[in-house]
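First up is the structure itself, then whatever we jot down about it.
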There are 2 protein chains.
Amino acid sequence: MAISMRQLAKIAGVSVATVSYALRDDPRISAATRQRIQSLARKHNCRVNVQARGFFEGRSFSIAVIVPDIRCGFYPPILQGIERVAADRGYTVCFANSYNDPQTEAKVIHTYMQHRIDGLIVAPISESADNSHFLELQREGVPIVVIDRRLDFVETDFVGCDDYAGAFAATEYLISMGHRYIAHITGSRDAWTTIRRKSGYSDALKRSGIELPEGYSVEVDYLTNALHGFSGAVSESVKALFQMEPRPTALFVSNDLLAIEAYGAIRRLGYRIPDDVSVVGFADLDISQYIDPPLTTVHQPAEKMGEVAANILIDKIEAKGSSDTEYRGCISKTLEVELKIRKSVARVSR
Amino acid sequence: MAISMRQLAKIAGVSVATVSYALRDDPRISAATRQRIQSLARKHNCRVNVQARGFFEGRSFSIAVIVPDIRCGFYPPILQGIERVAADRGYTVCFANSYNDPQTEAKVIHTYMQHRIDGLIVAPISESADNSHFLELQREGVPIVVIDRRLDFVETDFVGCDDYAGAFAATEYLISMGHRYIAHITGSRDAWTTIRRKSGYSDALKRSGIELPEGYSVEVDYLTNALHGFSGAVSESVKALFQMEPRPTALFVSNDLLAIEAYGAIRRLGYRIPDDVSVVGFADLDISQYIDPPLTTVHQPAEKMGEVAANILIDKIEAKGSSDTEYRGCISKTLEVELKIRKSVARVSR
DNA sequence: CTGAAAGCGCTTACAG
DNA sequence: CTGAAAGCGCTTACAG
């Protein structure tokens with residue numbers, strides 16, 4: 001059904017070169033033949049073989065995206081955003097999970113190198129020791145945009161959220177609701193965001209002159225998607241927290257998945273949310289508004305993150321050919337977040 | 001860094017052909033040279049250019065997956081399952097949303113045809129009038145596996161769930177809890193599953209000798225991801241249902257997203273779940289166990305569906321070359337479902 | 001304004 | 001057991 005350029009050339013009685021030029025609107029072909037060929041192409045359903053063209057140009061017109069675990073609610077909207085702009089701009093999207101495993105991540109990247117992907121968007125696994133696969137990719141001239149958390153030892157473009165401001169706002173809100181004993185639970189595994197959220201939290205406390213005992217801020221060994229195999233680590237941390245003097249009246253948890261785990265832990269201890277303990281999360285996953293009580297949390301514009309990342313990436317890909325001077329140098333975008341007030345925080349007056 | 005076969009040939013002092021054969025373990029190359037070349041390949045980081053190989057063979061070593069909306073909780077685990085087996089079996093995964101729009105679906109498929117994808121897994125948009133793009137793809141010899149709901153007018157392999165049995169079990173459970181007035185809400189937009197679930201529901205009622213007034217089964221014009229823009233249609237249906245005589249004591253809703261909408265509608269009417277109305281869903285999205293009250297629903301093994309679909313697809317792709325007689329004829333797998341009993345159903349005794 | 005020719009990096013009959 | 005050669009479907013200088 002679909003025919004090749006060679007066949008079309010025969011039909012039109014011209015050379016393949018002429019067809020090629022005509023189809024790409026090259027001005028050196030006369031308007032007359034150009035139109036004739038284009039209409040013949042439509043008629044005979046001649047679609048250029050992207051594979052062949054890509055092979056010639058050493059690229060694939062595809063971008064790749066790697067995330068730790070697509071089942072984790074934070075990533076689908078990101079992928080959505082990426083896919084939409086990629087499709088609009090004529091790129092296909094390859095997708096893979098890294099399963100939070102450095103070896104899988106490296107293997108996937110090597111596969112993509114063999115496939116000559118044009119660029120990569122990655123939500124990297126947390127705290128990986130060896131990032132050499134990214135360097136290899138860069139050495140091949142493939143642009144990389146990193147999402148959510150930065151990579152150690154590798155300079156790339158970056159799209160993230162204002163973790164500091166979000167954490168600051170969340171903590172201030174808790175303070176404004178009368179809380180002073182605000183504990184903080186973080187995942188150790190995403191160092192980059194963890195650090196920023198933690199300092200937003202500390203600074204907000206400091207600004208209100210609140211000093212908290214050592215141990216009010218705990219780090220949990222949180223590995224992957226909490227929804228698929230709760231670790232139990234949160235449970236222990238929450239228990240330890242509630243044995244402190246004074247007891248926390250609020251928890252600022254550094255991501256929604258952890259917050260959901262905390263809900264369970266808090267209840268197992270016999271406390272009610274928000275009557276006995278208030279909880280604020282970070283992310284605003286779809287699910288967060290449906291849990292009981294609906295979680296007050298910092299909204300991250302995930303879909304937007306994907307769109308921005310894809311646009312930056314494709315700009316880079318397409319600037320590569322031209323002598324655009326801006327091509328060098330890394331772009332870094334920090335998107336704004338917003339506190340979504342729901343039902344997991346109560347006013348307190350002790 | 002990474003070198004081509006040609007360069008490796010020069011280094012090894014053999015022809016490219018020999019390198020090619022050696023790298024693919026062709027027995028016509030002596031064990032000695034084969035090993036020598038393979039170790040040189042490792043040393044010099046010679047990776048075959050999949051793009052070039054694919055171009056020669058007219059394929060891409062990639063499979064594509066198209067779903068209506070990856071943000072909808074049912075699809076991420078499916079994608080996960082597909083991606084895992086694809087990676088294991090040496091395929092890359094291309095991903096796109098159809099946004100439940102026939103034109104987008106067609107456009108994406110045309111793009112994939114140009115990219116010479118080796119096969120397609122698709123969760124088709126509901127009730128599309130024109131499926132010619134699938135036929136075109138098949139005419140090019142590209143195998144298709146359809147997931148969840150079947151395609152009209154196109155014969156393909158299929159992986160789905162036992163919708164009938166699931167709906168039957170859900171309804172029977174409600175009956176066993178003392179309910180007789182069990183209404184049914186379905187989405188009109190996924191005709192295939194809707195019909196099967198509806199007949200499971202009807203048959204279960206019939207078997208218990210329950211006859212319900214006309215209008216106890218309503219169809220809602222449910223378009224896309226309910227999580228992203230509730231339509232309000234459910235709200236009206238629920239309202240209408242609750243004005244009926246006798247009033248329903250239970251709702252069997254044909255998917256979880258609709259069930260979540262129903263939760264809201266029920267509450268806006270001043271009823272409590274499950275005290276006043278019991279609700280059962282279908283899908284068992286991640287989110288369903290976290291809503292309030294946790295939803296009793298029919299669990300679909302989404303990740304498994306993805307794995308099964310990917311294996312069927314890749315089997316077909318790889319059988320194409322061989323003279324496997326089984327290559328013709330469509331495979332159809334129906335996976336078992338399981339009722340997950342949670343907290344959204346109460347016993348009733350009227 | 002159009003065409004002939006080389007070449008992108010592989011694979012595969014075909015010789016030797 | 002190994003190599004020379006053609007070819008997959010395009011694009012791109014280079015002639016004319």
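Nothing here was measured: the structure is a model prediction, and the numbers come from that model. Below, chains carry the letters A, B, ... as their sequence lines are ordered, and counting in each starts from 1.
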Please figure out whether A:Arg34 or A:Phe56 has its closest DNA chain C nucleotide nearer the 5' end. A:Arg34

5' precedence on DNA chain D between A:Ala17 and B:Tyr21 (nearest-nucleotide basis): B:Tyr21

Sub-4.5 Å side-chain heavy-atom contact between A:Leu137 and A:Met113: yes

The residue among B:Lys316, B:Arg59, B:Arg89 that forms salt bridge (charged side-chain N to carboxylate O under 4.0 Å, His left out) with B:Asp118 is B:Arg59

Set of residues satisfying side-chain contact (heavy atoms from CB on, under 4.5 Å) with respect to A:Arg150, sequence neighbours excluded: A:Phe158, A:Trp192, A:Ser332

Taking 4.0 angstrom as the limit, do A:Arg24 and A:Asp26 come out as a salt bridge? no

Is a salt bridge present between A:Arg116 and A:Glu140, judged by a nitrogen-to-oxygen distance below 4.0 Å? no

What verdict does the side chain to side chain donor-acceptor pair (under 3.5 Å) test give for A:Thr111 and A:Gln114, after you've listed the backbone C-alpha separation in whole Å, the side-chain angles of each residue and the deciding distance to 0.1 Å? CA-CA 5 Å; A:Thr111 304; A:Gln114 293 188 67; 5.2 Å; no

B:Thr33 vs B:Arg116, nearer the 5' end of DNA chain D by closest nucleotide: B:Thr33

Using heavy-atom distances to pick each residue's nearest nucleotide on DNA chain C, tell me which of A:Ala52 and A:Val16 is more 5'. A:Val16

DNA chain D: 5'-most and 3'-most nucleotides touching chain A, 4.0 angstrom heavy-atom criterion: D:dC8 to D:dC14

Ranges pairing with ranges for DNA chain D, where each run has three or more Watson-Crick or G-U pairs under 3.5 Å: C:1-3 with D:14-16, C:5-12 with D:5-12, C:14-16 with D:1-3

Does NZ or CZ of B:Arg53 fall inside the cone over B:Phe55's six-membered ring, less than 6.0 Å from its centre and within 45° of the axis? no

Look only at the side chain of B:Asn97 and the backbone of B:Ile70, and say whether a donor-acceptor pair between them is shorter than 3.5 Å. yes

